[in-house]
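These notes are about the structure you will find just below.
Sequential numbering from 1 along the given sequence is applied to the chain's residues. Numbering of ligands and ligand atoms starts at 1, following listing order.
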Amino acid sequence: MTKTGLELLHDPFLNKGTAFTAAERQANKIEGLLPPFVQTLDQQVEQAYEQYKMRETFLAKRLFLMDIFNENRVLFYKLFSEHVYEFMPVVYDPTIADTIENYSRLFLDPQNATYLSIDAQDDMAAALKNAAGDRDIRLIVVTDGEGILGIGDWGVQGVDISVGKLMVYTAAAGIDPSMVLPVVLDSGTNNQKLLDDELYLGNHHQRVTGQPYYNFVDKFVALAEKLFPDMYLHFEDFGRDNAANILNKYREHILTFNDDIQGTGIITLAGILGALNISHEKLTDQVYMSFGAGTAGAGIVKRIYDAMVEEGLSEEEAKQHFYLVDKQGLLFDDTEGLTPEQKPFTHSRSEFANADELTNLAAAVKAVHPTILVGTSTQPGSFTEEIVKEMAAHTPRPIIFPLSNPTKLAEAKAEDLLAWTNGKALIATGIPVDPIEYNGVTYEIGQANNALVYPGLGLGALAVSAKLLSDGMINKAAHSLGGIVDPTKAGAAVLPPVSKLNQFSMTVALGVAEQAIAEKLSDATDAQAAVEALKWTPKY
Ligand SMILES: NC(=O)c1ccc[n+]([C@@H]2O[C@H](COP(=O)([O-])OP(=O)(O)OC[C@H]3O[C@@H](n4cnc5c(N)ncnc54)[C@H](O)[C@@H]3O)[C@@H](O)[C@H]2O)c1
Ligand SMILES: O=C(O)C[C@H](O)C(=O)O
Ligand SMILES: [Mn+2]
């Protein structure tokens, strides 16, 4: 059914607004519904950008851009693609945290998302069909809102992270926006503030947990697979108790990806490889400390550990290079409340004379002397001057990545890390940071955010219709980000800049697609052609 009239103007996948030509206006019953002058896409972009600049706050800018998103996807993505570096923190993290916290109050438009309720599971198939319409869905980002960034449980309001992650897929890697579906699984929320708020738009009950919850997820996965058999299923911001369970359940059966576990692992490994490229040190000589060994923290550890094994260490040797610190302090094999992902990387108390005193990060750093410290703890300011100086006293180029998001939760500020280490720290942050002047050198700060890698990974896997996402494909993605930054330049970043996101997303996609073919996870033969064929560009 072709849409005409107001229906056409209100379909963001078809609407061109003032760019509809006179002939199109006549053919589609929209004569007189628009001002007479026919604009080009470039003129629309220029006009929209002027309006964008008039908005003062990041939140106001984001709301303005979302209006365009809801009206006209081509215009939105053309505008986004011309201002990737500027728009990323507005459209995505950290501003997205504000819109998630205020979602119900700011609500205007469902943004073509699918809302699946644990209390209405009989509607699930209809809901997915309604949301897809006649579109060919190839990519789903799904969240249950329990572990949004580091801000916790936001129930149905977490849907914005599904929408936001998908926007980055299109802006960075050219995934056709008509092929994507954001999904939220509403199984309740344990956020009392939301439960007490009569304007909260989700289910007003505590989270359903255990088998009924997993049955709900299972039903969704099975239906999505049936309705969209060529789909890549991206899980985002599930709670610590469920994220790894869900990934482990499906990863060997369908083409699926957990961004917090795998995406963060890839980008952090890439950042560490970039740092070692600058310091000329070997990965297998590093002593790694994870602060906040939850979904992301343990996911990163597994990825770095795999890389150490690939570089020749035995599994037992490699494990000795890792130390996890969580709420309990340094994690030992007899620590209460260990997660299955933490257990393999614990130590024996007998390795330390003062094991019982290692109940906080400062004591653990003093006892272990890590060369790499990665924060995924949601604890702002926890990488203190004392801790950082202690670390720097025992290693010439400490690798320090405060990765907690959004900005207000970061373990440290990049400028402090530089000052406390006389410019020696090799830093990556979770959120964008402007270049820092220190002692006459301009330091570029790499952004270790999974957004630098998941778009290319998804494009590569989708382009060749990979059957699964293998460790080999993941590993290839991590190694695809090297070679863009010049490590000999003073103040060089450990990761390529966000301004080159489109360029290196293609490198990642190609590497991943080639690897899928090499592992016989795809019937395609020409990775380059497949990637180019799938790539969408915003034009009328
Ligand atoms: N930069 C990125 O690409 C990226 C990717 C994923 C997650 N993150 C960030 O990492 C953080 C954690 O996310 P997650 O999904 O792993 O959450 P999570 O809840 O699974 O993990 C957080 C961990 O921190 C621990 N923790 C909490 N308080 C602590 C304290 N006082 N001391 C030590 N440990 C403490 C928790 O026990 C838990 O194990 C978030 O802020 C998130 O934004 C960043
Ligand atoms: O969303 C982000 O900015 C990265 C990451 O997935 C997170 O949960 O923090
Ligand atoms: Mn996330």
**Q.** Within reach of ligand 1, part of Leu149 (heavy-atom separation under 4.0 Å)
**A.** both
**Q.** Region of Ala451 that comes within reach of ligand 1 [heavy atoms, distance under 4.0 Å]
**A.** neither
Q) Quick one: does atom 17 (O) of ligand 1 have a protein heavy atom under 4.0 Å from it? A) no
Q) What part of Asn449 sits under 4.0 Å from ligand 2 if we count only heavy atoms: the side chain, the backbone, both or neither? A) side chain
Q: Under 4.0 Å from a heavy atom of Lys165: give me the atoms of ligand 2 that qualify, with their elements.
A: 1 (O), 2 (C), 4 (C), 5 (C), 6 (O)
Q: Output the list of atoms in ligand 2 that are nearer than 4.0 Å to some heavy atom of Asp259, sorted by atom number.
A: 6 (O)
Q: Examine Gly147 against ligand 1 and note whether any of their N/O atoms are separated by less than 3.5 Å.
A: no
Q: Scan side-chain atoms only and decide if Thr143 and Asp237 contain a donor-acceptor pair under the 3.5 Å cut-off.
A: no
**Q.** Distance-only side-chain donor-acceptor flag, Gln157 / Ser104, under 3.5 Å
**A.** yes
Q. Nearest non-hydrogen atom to atom 21 (O) of ligand 1 belongs to which of Gly430, Ala448, Ala296, Gly294?
A. Gly294
**Q.** Partner of Ile266 by side chain to side chain contact (heavy atoms under 4.5 Å, CB included), out of Ile300, Val453, Asp259
**A.** Val453
Q. Is the Mn ion (ligand 3) less than 2.8 Å from an N/O/S atom of Asp259, whether that atom is in the backbone or a side chain?
A. no
Q.
Does Arg62 qualify as a cation-pi partner of Phe58, given the criterion of NZ or CZ under 6.0 Å from the six-membered ring centre and within 45 degrees of its axis?
A. no
